[in-house]
Amino acid sequence: MRKEIALLKEFNLSQKGFAFWEIVLALIILGILAAVAASRINNFDAEVVTGADTLKVHLRYAQTMAMNSNPDAGDETVWGISCSGGSYWLFRGTDPDADIIRLPDDEKYLNADDSTINLNKKRITVSDFTVFFDERGIPYADYPATPWPGTIIEVKPSNGNGFTVNIEVTPFTGYVP
């Protein structure tokens, strides 16, 4: 019997657990690792914001080109941006498909066969639109018949998850906030 009690005491003394502070420390380390891993997952929201900002710059560029055109020198005074079928492009004139001008953008986003911006490469989708700017910078939905109605241009991630960035071209002024 004494042998059994001594054996039990020896067994109990050799069984040590974790201290409370060791468990807390392990949980803190796991939390930090989880936060780092979660931040490494592809952030589609950042791609949507940068894609929307790039589109805003291109809209302002089209407006600037229209305002800087000289009709007395024979320049075309109508410029615009059109978006359809997974890409958008800069055009000059009243036909969005006739005189496509290469946008100032990184080569990796241009379609191989032309000068249009490939939205799939940017991993975003943009609602279809066409906006014309005249020599005063006024936006039109259809030049010169239909002034821009203030339609919101939606930019979303191509995978459908995440938030939407809305771009608004202000009617009559063409201001793009």
Side-chain angles (χ1 to χ4, degrees), residues 38-177:
S39 69
R40 297 285 181 188
I41 295 174
N42 203 356
N43 189 354
F44 287 104
D45 294 343
E47 293 176 7
V48 170
V49 171
T50 56
D53 287 344
T54 303
L55 180 56
K56 286 180 184 180
V57 167
H58 290 154
L59 287 164
R60 292 179 188 124
Y61 181 77
Q63 184 183 33
T64 302
M65 293 302 291
M67 292 171 65
N68 287 332
S69 59
N70 185 356
D72 296 334
D75 289 348
E76 182 62 58
T77 59
V78 178
W79 287 70
I81 298 280
S82 186
C83 178
S84 178
S87 60
Y88 70 87
W89 59 93
L90 172 71
F91 64 89
R92 181 173 43 198
T94 56
D95 182 4
D97 299 318
D99 191 7
I100 296 174
I101 309 296
R102 183 173 176 190
L103 277 162
D105 201 347
D106 194 351
E107 291 287 326
K108 66 182 177 181
Y109 297 123
L110 294 173
N111 281 323
D113 56 343
D114 56 20
S115 298
T116 62
I117 302 297
N118 187 332
L119 297 172
N120 293 328
K121 289 182 182 178
K122 287 185 176 269
R123 297 172 22 161
I124 60 173
T125 60
V126 177
S127 56
D128 290 352
F129 72 93
T130 300
V131 60
F132 301 83
F133 293 101
D134 67 6
E135 70 275 1
R136 295 178 296 165
I138 298 173
Y140 293 88
D142 184 28
Y143 188 80
T146 311
W148 183 255
T151 305
I152 301 293
I153 302 166
E154 292 184 344
V155 181
K156 302 180 205 176
S158 58
N159 70 354
N161 298 329
F163 69 98
T164 300
V165 174
N166 293 326
I167 299 173
E168 183 177 354
V169 179
T170 307
F172 303 113
T173 64
Y175 174 67
V176 181

Work out which heavy atom in Ile124 is nearest to a heavy atom in Val48; give both atom names and the distance. CG2-CA, 3.9 Å

Would you sort out whether Ile101 and Met65 count as a side chain to side chain contact (heavy atoms under 4.5 Å, CB included), showing the intermediate values? CA-CA 11 Å; Ile101 309 296; Met65 293 302 291; over 6 Å; no

Which side-chain N or O atoms in residues 143-152 pair as donor and acceptor under 3.5 Å with protein atoms at least two apart or in another chain?
from	atom 1	to	atom 2	distance (Å)
Trp148	NE1	Val169	O	3.0

Validation row: Ile81, Tyr61 side chains within 4.5 angstrom (heavy atoms): no

Donor-acceptor pair, distance only, cut-off 3.5 Å: does the side chain of Ser127 make one with the backbone of Glu154? yes

With sequence neighbours excluded, what pairs up with Arg60 under the side chain to side chain donor-acceptor pair (under 3.5 Å) test? none

Examine distances only and state if a side-chain atom of Trp89 and a backbone atom of Pro96 form a donor-acceptor pair shorter than 3.5 Å. yes

List the atom of Cys83, the atom of Leu119, and the distance in Å for their closest heavy-atom pair. SG-CD1, 4.0 Å

Minimum side-chain heavy-atom gap Asp134-Phe132 below 4.5 Å: no

Side chain to side chain contact (heavy atoms under 4.5 Å, CB included) between Lys122 and Ile117: does it pass, once the steps are laid out? CA-CA 9 Å; Lys122 287 185 176 269; Ile117 302 297; 3.5 Å; yes

Any side-chain heavy-atom pair of Leu59 and Ile153 under 4.5 Å: yes

Nearest-0.5 Å distance, OG of residue Ser82 to CZ of residue Phe129: 7.0 Å

